[in-house]
Asker: 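Got a structure for you, questions after.
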Amino acid sequence: MASRSKLSGIQRQVLALYRGFLRTARLKSPEERHRIESVVSAEFHENARNIDRKNFVYIEYLLRRGKKQLEQLKDPDITGLSTLEINKASLH
């Protein structure tokens, strides 16, 4: 078995948030579940590619924003997830 390096605290938080979105998506209709999983996967992969791993302030901001979105998504009256385009250049 290949040994894995230990994850930092912030990495564990990001993975927990990602898993939380996927778990919550299972509670929605099959169509919405697929859409939510696609949006979440695309957003996380894009951020992993485009954000400097040492930019902790911005990563923590994204974690807070993601946690708020997850709490909203857990509401049974909320059926889906929308995306918001942000000019990332102005945030760096």
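Only this structure's heavy atoms are used, side chains among them; waters, hydrogens and symmetry mates stay out.
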Asker: Measure the CG-CD distance between Asn47 and Glu43 for me, rounded to the nearest 0.5 Å.
Answerer: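 Separation between the atoms: 5.0 Å.
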Asker: Once you round to the nearest 0.5 Å, how far does CG of Leu73 lie from CD of Glu32?
Answerer: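 Taking CG in Leu73 and CD in Glu32, the distance rounds to 8.5 Å.
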Asker: Under the rule for side-chain hydrogen bond (donor to acceptor under 3.5 Å, both in side chains), what residues qualify as partners of Ser29, not counting sequence neighbours?
Answerer: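 With sequence neighbours excluded, Ser29 shows a side-chain hydrogen bond (donor to acceptor under 3.5 Å, both in side chains) to Glu31, given in chain and number order.
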Asker: Not counting sequence neighbours, which residues clear salt bridge (charged side-chain N to carboxylate O under 4.0 Å, His left out) with Lys67? List them please.
Answerer: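 If we apply the salt bridge (charged side-chain N to carboxylate O under 4.0 Å, His left out) test to Lys67, skipping adjacent residues, there are no hits.
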Asker: Taking all non-hydrogen atoms of both residues into account, name the closest pair between Gly20 and Leu70 and its distance.
Answerer: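 In terms of heavy atoms, the two residues are closest at O-CD1, 3.5 Å.
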Asker: Flag yes if Leu22 and Leu27 sit in one hydrophobic cluster, no otherwise; membership is Ile, Leu, Val, Met, Phe, Trp, Tyr, and two members link when side-chain heavy atoms are under 4.5 Å apart.
Answerer: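 No, it is not one cluster - the side chains of Leu22 and Leu27 are not joined through contacts under 4.5 Å.
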Asker: Charged N to carboxylate O under 4.0 angstrom, Lys74 versus Glu71?
Answerer: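 Looking at Glu71 together with Lys74, the answer is yes, because their closest N to O distance falls below 4.0 Å.
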Asker: Can you tell me how far CD1 of Ile59 sits from CZ of Arg64, rounded to the nearest 0.5 angstrom?
Answerer: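 It is 12.0 Å, given to the nearest 0.5 Å.
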Asker: Could you work out, with side-chain hydrogen bond (donor to acceptor under 3.5 Å, both in side chains) as the rule, every residue matching Glu60, not counting sequence neighbours?
Answerer: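 By the side-chain hydrogen bond (donor to acceptor under 3.5 Å, both in side chains) rule, Glu60 matches no residue at all.
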Asker: Do Ile51 and Glu46 come close enough that some side-chain heavy atom pair is under 4.5 Å?
Answerer: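 Result no, sub-4.5 Å side-chain heavy-atom pair not found.
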Asker: Could you list the residues that satisfy ring-ring contact (aromatic ring centres under 6.0 Å, His included) with Phe44, not counting sequence neighbours?
Answerer: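 If we apply the ring-ring contact (aromatic ring centres under 6.0 Å, His included) test to Phe44, skipping adjacent residues, the hits are Tyr18.
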Asker: In the hydrophobic clustering (ILVMFWY, side-chain contacts below 4.5 Å, transitive), which residues join Leu7, or is it alone?
Answerer: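 Same cluster as Leu7: Leu15.
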Asker: Applying side-chain hydrogen bond (donor to acceptor under 3.5 Å, both in side chains), can you list everything that pairs with Arg33, at least two apart in sequence or on another chain?
Answerer: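 If we apply the side-chain hydrogen bond (donor to acceptor under 3.5 Å, both in side chains) test to Arg33, skipping adjacent residues, the hits are Glu37.
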Asker: Indicate the atoms forming the closest heavy-atom contact of Gln13 with Leu63, along with that distance.
Answerer: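 Taking every non-hydrogen atom into account, OE1-CD1, 3.5 Å.
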